[in-house]
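What follows is a set of notes on a single structure, which appears directly below.
The sequence lines fix the lettering, A, B, ..., with proteins before strands; numbering per chain opens at 1. This structure is a prediction, so every number in the text was calculated from the model and none was measured.
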Number of protein chains: 2
Amino acid sequence: MLEETQKYDVFQAIADPTRRKLLEIIAVEELSISTMSSHFTMSRTAVTKHLHILESAGLVNSRKSGREKLYRLETEPLQKLQSWLSIYEQYWDNKLAKLKKVIEDNQDVE
Amino acid sequence: MLEETQKYDVFQAIADPTRRKLLEIIAVEELSISTMSSHFTMSRTAVTKHLHILESAGLVNSRKSGREKLYRLETEPLQKLQSWLSIYEQYWDNKLAKLKKVIEDNQDVE
DNA sequence: ATTATATGTAACCAAATGGTTGTATGTCAA
DNA sequence: TTGACATACAACCATTTGGTTACATATAAT
């Protein structure tokens, strides 16, 4: 089987405000393209393109239901983003951040 | 005084891999443009443009030192990114994330 | 069967992005 | 003061991005 070429990464995907809003509204519940489009002034086609980019970055999944295509949030890339960010936590002097780090370093402890 | 128009936000700024690498090398120590350029194959001018974008997003600060311009990391926008991300933590079932959330909700407790 | 709804996709476009080269200016060292 | 180094900036360019309209197809409802 050929690997799906992941054209977009999470960093590019969240760079656009429309796509961030899409993630926001999709996080709450599975939504169809039309329903999502109603939240924007731009065309449905434009929203579809944004969804394809989010999908390429692994941030959303979709399934067909009748004539609708329902999208839902996929959090794995966001978790990766979080771990990228966590490297920089040491650069702001924040007791909370350090405490988190301690927790992370011991996350095998149930 | 006129407000500096912040043309770029942190999301756009970190979307580019070159700019992420710049943040990475600058995080460790204050560096000049030439020194940073030596880490890339692209021209110094290109690196300068990336630095301007990072600066516009508030991710770096600079100061002149003789003929050099030294840049250093500014973490505030990354902290904002973290708080944006934290909203999504509830969507991955992760005991650690929930623990962190508890800590955050009680961060006034010294 | 016909119509309305939901989506897919191609073709097109303007503006933004990420790079280049060339030239000018400021500073340090010999 | 002359040359080398560090940066600034303008002009230019190809590609990508984010949008559009138009048309085709699939499913649901009457």
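Among the atoms of the strands shown, base atoms are found under 4.0 Å from some heavy atom of B:K49. Using a 4.0 Å heavy-atom distance criterion, B:S43 is classed as a base contact.
For B:E68, counting side-chain heavy atoms from C-beta on, the closest listed nucleotide (D:dA6, D:dG18, C:dG18) is D:dA6. Nearest nucleotide to the A:R67 side chain, out of C:dT7, D:dT27, C:dT20: D:dT27. The nucleotide whose nearest atom lies closest to any side-chain atom of A:S34 is, among D:dT7, C:dA6, D:dG18, C:dA6. Comparing D:dT7, C:dG19, D:dT17 by their nearest atom to the side chain of A:Y8 picks out D:dT17. The side chain of A:T45 approaches C:dT9 more closely than any other nucleotide in the set C:dT9, C:dG19, C:dC28. The side chain of B:M42 approaches C:dT20 more closely than any other nucleotide in the set D:dA6, C:dT9, C:dT20.
The pair B:K64-B:E68 fails the salt-bridge criterion, with no side-chain N (NZ, NE, NH1 or NH2) lying under 4.0 Å from an Asp/Glu carboxylate O. A salt bridge is absent between B:R72 and B:E29; no separation between the charged side-chain nitrogens and carboxylate oxygens falls under 4.0 Å.
Phosphate proximity of D:dA8 to B:K69: present, with a side-chain N or O under 4.0 Å from OP1 or OP2. Taking side-chain N and O atoms only, B:R19 has a distance below 4.0 Å to OP1 or OP2 of C:dG18. Between D:dT17 and A:Q12, a contact under 4.0 Å exists linking OP1 or OP2 to a side-chain N or O.
As rounded to whole Å, 7 Å separates atom P of C:dT9 from atom NE2 of A:H52. C:dG18 atom P lies 13 Å from atom CG of B:L51, rounded to whole Å. Rounded to whole Å, atom P of C:dA6 lies 16 Å from atom CD of A:E30. As rounded to whole Å, 8 Å separates atom C1' of C:dA6 from atom NZ of A:K64. Atom CE in A:M36 sits about 15 Å away from atom C1' in C:dG8, given to the nearest Å. At whole-Å resolution of the value, CG in A:L31 and P in C:dT7 are 11 Å apart. Atom pair A:D9:CG and D:dT17:C1' shows a separation of 15 Å (rounding to whole Å applied). In this entry the distance linking CZ of A:R63 with P of D:dT27 reads 15 Å, nearest Å.
Checked by atom type, the side-chain pair B:Q82/A:Q82 shows no donor-acceptor distance below 3.5 Å. Judged by distance alone, the side chains of B:E55 and B:S62 do bring a donor and an acceptor atom under 3.5 Å apart.
In terms of hydrophobic clustering, with Ile, Leu, Val, Met, Phe, Trp and Tyr side chains grouped at heavy-atom distances under 4.5 Å, B:L70 and B:V47 are assigned to different clusters.
Both A:S65 and A:R44 sit near DNA chain D, but only A:R44 has its closest nucleotide nearer the 5' end.
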